[in-house]
Structures are given as C-alpha cells and as structure tokens.
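One structure below.
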There are 2 protein chains.
Amino acid sequence: MVESRRVTLKDIAKSLGVSVNTVSRALADKDSVGEDTRARIKAEAARLGYVPNSMARSLVLGSAMTLGLVITNPSNPFYARLISTIEQRGRTHGYSLMLLVTEESPDVDRRAADTLLRWGVDGALVVPVQGEGEHWERLHESGIPMVCLNRDVPTLDLDFVGVDYHHAAYEATRHLVEGGARSLCLFEEDLPISPVAERVAGFRKALTEAGIESSGDPVISVPTRRRESLALPWEPADAYRLAQDIVSQGDLPDAIMVGNDYFALGVYRALTEAGLRVGDDVLVGGFGDHPFSAYLSPGLTTVRLPAAQIGTAAVDLLLQRMRSHGDDGETAAEKRRERCGLVVRASSRASKGTMT
Amino acid sequence: MVESRRVTLKDIAKSLGVSVNTVSRALADKDSVGEDTRARIKAEAARLGYVPNSMARSLVLGSAMTLGLVITNPSNPFYARLISTIEQRGRTHGYSLMLLVTEESPDVDRRAADTLLRWGVDGALVVPVQGEGEHWERLHESGIPMVCLNRDVPTLDLDFVGVDYHHAAYEATRHLVEGGARSLCLFEEDLPISPVAERVAGFRKALTEAGIESSGDPVISVPTRRRESLALPWEPADAYRLAQDIVSQGDLPDAIMVGNDYFALGVYRALTEAGLRVGDDVLVGGFGDHPFSAYLSPGLTTVRLPAAQIGTAAVDLLLQRMRSHGDDGETAAEKRRERCGLVVRASSRASKGTMT
DNA sequence: GTGAAAGCGCTAACAC
DNA sequence: GTGTTAGCGCTTTCAC
C-alpha cells in the first residue's frame, strides 16, 4: 500500500486553485460561496475521497463532540442496556462515545476522570465506583457537565439519574408479606453503594410496617466475588453457598429477597436441593428482570429496571446541562429516581405450579 | 461558576516568564531542560491545575491514541465481555476507546466506519453487521488497521479473530449423538452471519458422520425479534414458540441444539410444559455458557465461549498491525478461530436427576 | 463571493 | 539549556 496521506482541505484547494477557506465554507454548506465553485469543490472532494478531520475541527471549535461514559462492568445486563441506550441517543445528537470501564477499582475510576478531562469531552455520564469520588466533583468543577448513573453519592453535589430502589424494595417486600411471609431475609452484595443501601432501607421499612421483627439481622451480605473476576456479572455461587447455610441451619425464612436476579439463581438451587419448593415453601423476589428470570421454574418475581428510560433521561439531562453551561444561574444538582414495576411471577405466588 | 478557561502551556509559560516550548519539554520529562526550571514549571503546572489537551496533542502527533470498537449489541453477554476485555487491554497500552453500537443496522454500520475515519482512530475492532461491508475494507485501505471480531466476512481480506464455531458445533452435536440421540435439530437465529453458518455446518457434518438423515431440514430458523427490540439479548420467546410447534406436531427430536443459551430457555419451557423431561426425554445443548445456564434444572450442556481470550487476541493482533503499519510487506489477512470447550451438564446426560 | 491572516494547544525542528 | 519558528487541519475574523 502506498503511504497515502490523508486528503485535507489544502489538497482540494491546491488542486482547484482556490483558497483553503473557500473549500471549508463550500463543504460546510455556508453561503457566501458561488454555486459553481461549490459544485466544483464538492466534486473534487468526492473525487479525492476527502474526509474531514474531527480532531482538528474539535480543536478549533473547542468542542470534542464526544460524551464520556464511565461504567463499572458492562457484563451487568443493566449497564449493558445503559451503554446501548446512551450510545444511541448520544449519536442521534451527533456525539461520539468514549467508554471507560472501571471494574470497581477506585484507582481506575480516578484515572477515568483524568482521561475525560484530558480529552475535553463535552459531558460525562458516570457510574461512580464506591468510595470518596471527589475527583468527579473536580471534573465537574473543571467545567465538564456530568450526571451520575444508578449510584448516587449524596455527599457530592452532582446530578443523578437512577432507580428508586428504596420504593421498589419496599413494594416488593410488601408484596411478599402480603403473600403470607412473616420471616424474610434479603441477600445483598457487600458493596458500599447507594443502590444496596436504598434497597436495604426499603426492605427494612416494609418489615417494620408489617410489624415483623427477626432475631438476627435479616440482611445477608454476600461477599460477591464480582470484583475479583473482572468483567463478569454477579456470581450466583456466592448466594448459593449462603442460602445453603441458611437452609442447613434450620432457621429457614419463608421469603427471600435478593438484590439481583443472579443471586436468585443460587437461592433457587439451594432450596431445590434441600427439597424445598420455591414459591410454595419459600417465596423469592429479585431485582433486574433479566431475560432468564421469566424462564426459571417457577418464574421469578422481580423488579423490572427501566434501563432504557434511565439512559435516555440521563443523556437528556446531560444535554440540557451542556446547553445551559456558562449561564449564570447555577441550578442545584438534580437527583432523579425512576419508579419501576414489579413483575409478579410464580416464585411469590405460592401458586402450586402456575407458570408465568 | 466563573468562566474559567482551561489552563494551557502558554499560561504556565507566561506566568513563569519562559517559553511555551520549555514548558512542554519540562512536563514531558525530556532532558535538555534545567533541573531547577523543570521543578519550577512542574510546581506551577500543579498549582494552576494544568491538564494536557489530548486533542491538540493528537493533532500534532498524528495519532489519536484511540481505538474504535464497533459492536452490534452490548446486551449480548459475549459482546459485553469483549467490551470489557478490549477496553481494559487497550487502556493498559495507553489507548482510549471509542464505542459505536450498530444494532444490526447496515446503515449505522456504514456510518460507524465513517465516524472512525473522521476521528482517525489508530485501529478498529469491528463486529460487522450482516451484508456487504466493503465500507470496512475501505476503512482499512484508508490506512486504519482493523480486525473483525466474531463475525468473519470471507469475501473481505480483513484480519479476523473469533470462535471456531464449526468445530464447537461439531463436537457438541457429536456429544449428543454419543448420548444416544438419533434425531436432532438445531435452532438458529435467521441472520446471515458467519457464526450461524459455521454452527450449521458443524452440526450437519456431525449428523452426516453419524449416518443420521432426517426427513425435513433439521435446522430451524428462529425469526428472532432481536433486531426490533434494540439493545436486548436474544429473545427466548421466539424459540419457545417454535419448540411448542415441534412438540405439538408430534415429530419430536430426541435432542435439540440451540445457537445460544437464551433459546434453550424457551426450549426448556416448551418441553417442560409438554410434560417432557430435559436431559431424559430430550437432550439439549447450547452456546454461550451464560451464568444462568449452570443454574437451570437440569443444568444446560453448552459451549463455553472464550470471550476474554478472543478480546485479548484481537487487541494484540491489532496492536501488532498498528506497529507494522507502513512497513512494506503487506502481510495477508489472518483469520484466527479459537477453540472452545464443551461444558457438560445434566441436559445432555440422560442422567435422571444428577445436577451440575 | 473570495482570499489572506490568525489562532485552537501542542510538539518538533532548528538556532543560539 | 532555552527560545524562536513552523506546522498539525481546521474555522473564523476581516479585508477586498
């Protein structure tokens, strides 16, 4: 292959004997350029296979036409859908997407903020890693509009779009209580992040309201190995072992909530192996409504997370912030929590075999 | 917030009374700059909160320090893992990642190639959408090294790293035959892409070798709705309905292969609802070994796809191409197909209850 | 309508 | 060691 340097405006200009400037305007479809010249220029550009250099354009325009997306783990189906939605919506607005994966590493998280700053992205959407996270506030203060996704850091004055986990957990738990459960527990991964905290709070609230007290703590912390096995969804095996313990210890709850549907897989197995019937002996409720959840036996009752809605809302909020950036009135951070629906299936119905 | 323009080399230079150039070299840790000056410059840079402008740097260096990744659907768990792996490996080599999602749209696919060209990425990793795809060849000829992922386009002379689906399907089918199956069928989505074609071929080869002939075509094309419901994994419901048809028509095969584990979910349900026992009355084998597959009852026998391995290999091949770019000897395109293992579980064991 | 000149922020040649 | 000059490819003044 011949070392074919890329065609530039200059090449077209030279080839046609006009100025670079004219070529630029012609191709940008600005007026103040003759019909004939424009035609000639466009033809020549096509002939030479001219492709504009986004880099150069961005440099002078001062806008990268790029959004940054920082995700902890694309293999989490919820985040996978966010990626799709955000990329798509950003693209329809003309923005390219720079994706960074942090794998729950505070270090990578910090460097991600730095990378976005260096590239000068026009806006950032971030699922922050657990921990402090003032580097995100610093990014924001550096003049880059940003919105936190799914995980809120209450101590930071940053926009946030996520799920109303508190309400969802509350409703789901109430549903189990109404189904007759009097002793419940909740499996949650041991990450100090807002979704977990909110689900726990909603769960507890429902218990309190129902006048249910338990001897020990009904919240079971699953030492998920997710952080070790990079780039994997949650590990059902972790929940499986804990559920086995519970079963073998004899103090079996009559309902189990899990923070994500993957944990339900482990719980299902532990119960089944012990000869217990899910949805009958023990009710189970999850979070995520992943594709497999409808196909388990029995079907899993679970909270459907409005991923597309959240992705869209986040991008729209970000674009709005980008537009009003530079305006005087610094509006306060917006914390938006989307409500979500509970998908009721046989695992919570004590329904002796009905399948959904 | 004060309209705080970003700090540049010029600002540091002015503030210290040195030339921009010196600042540049000091910060880049080049020699030919005095120890004291360097210290003063670094201190001032830190004080002012200087952040290098990657855009400007890339423009002059002629390298974007960016890789492009084009994916059809991040919600496909296999692709999600590819995204993680590729981002991670690219990052360790200093590259940022620009992600484009094509959603099986030939149009978006074409524009993706254009976008990558405009940004002048240093290399591209692409899961091409079905169809022609000479726009990818054009990108390649424009001087951007690229590697196709998972889907090969044999008519294009492009590097490719993927799965040896042919061999995997062959082995899996043989496994079912050895398990006693004499009448088999294969569920495959109706996309004209190489993975499907190769699995079909491997499946057929195994049948032929076993001397198995069927009256009709054993390959069942699933009109997957994936393309309509953007950003979702495969739809088990599609396979469910087709499996129902097969069951109700009475010509039940004694083994069913499916092109992805999600289809197995549908097949499981159809069989179970008909009172048939998976792994006993009908053997089932899948592709993907998704997290849920081990937790179905019975556990699903399935081909484990080496996603991380493929992601890594693809990036490494790409980096190698990038390094040797400009060299005279144009090496021929490399087509690499990774072997993968079959995870045998109860769905293929006719094992009356053993669970894995 | 078109061209000349300046500059986005940075690095690479050259002088001294 | 350090400064000066030039230029990456593009857009935006401002003359003409």
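Quick caveat: nothing in here was measured; it's all calculated off a predicted structure. Letters go in sequence order (proteins before strands), and every chain restarts at 1.
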### Message
Please find the pair of heavy atoms, one from B:R321 and one from B:A332, that lie closest to each other, and give the distance.
### Response
NH2-O, 3.2 Å

### Message
C:dT2, OP1 or OP2 - any side-chain N/O from A:T22 closer than 4.0 Å?
### Response
no

### Query
Are more than 12 heavy atoms from other residues, nucleotides or ligands located less than 6.0 Å from atom CG of A:D107?
yes

#### Entry: Base-contact (B) and sugar-phosphate-only (S) positions in nucleotides 7-16 of chain C, heavy-atom cut-off under 4.0 Å, - elsewhere
BBBSBBB---

### Query
Salt-bridged, A:D36 to A:R40, with N to O below 4.0 Å?
no

### Task
For A:E35 and A:R38, run salt bridge (charged side-chain N to carboxylate O under 4.0 Å, His left out): C-alpha distance rounded to whole Å, both residues' side-chain angles, the deciding distance at 0.1 Å, then the answer.
CA-CA 5 Å; A:E35 270 315 315; A:R38 159 166 297 131; 3.7 Å; yes

### Message
Under 4.0 Å, heavy atoms only, any strand: does A:G34 hit a base, just the sugar-phosphate, or nothing?
### Response
sugar-phosphate

### Task
Please determine if B:R138 and B:E132 form a salt bridge, counting it only when a charged side-chain N lies under 4.0 Å from a carboxylate O.
no

### Query
Is there a residue in residues 35-45 of chain B whose heavy atoms reach under 4.0 Å of DNA chain C, and which residues are they?
none

### Query
Please walk me through it: do A:V153 and A:W136 pass side chain to side chain contact (heavy atoms under 4.5 Å, CB included)?
CA-CA 10 Å; A:V153 187; A:W136 291 122; over 6 Å; no

### Task
Strictly below 4.0 Å, heavy-atom distances to any atom of DNA chain D: list the hits from residues 112-122 of chain A, or just say none.
none

### Message
Looking at A:R110 and A:D114, is any side-chain nitrogen of the basic one under 4.0 Å from a carboxylate oxygen of the acidic one?
### Response
no

### Exercise: identify the closest heavy-atom pair between B:A112 and B:T102
CB-CG2, 4.4 Å

### Query
Which heavy atom of A:Y79 sits nearest a heavy atom of A:V127, and at what distance?
OH-CG1, 3.3 Å

### Query
If you look at every heavy atom in B:M65 and B:G94, which pair is closest and at what distance?
CE-O, 3.4 Å

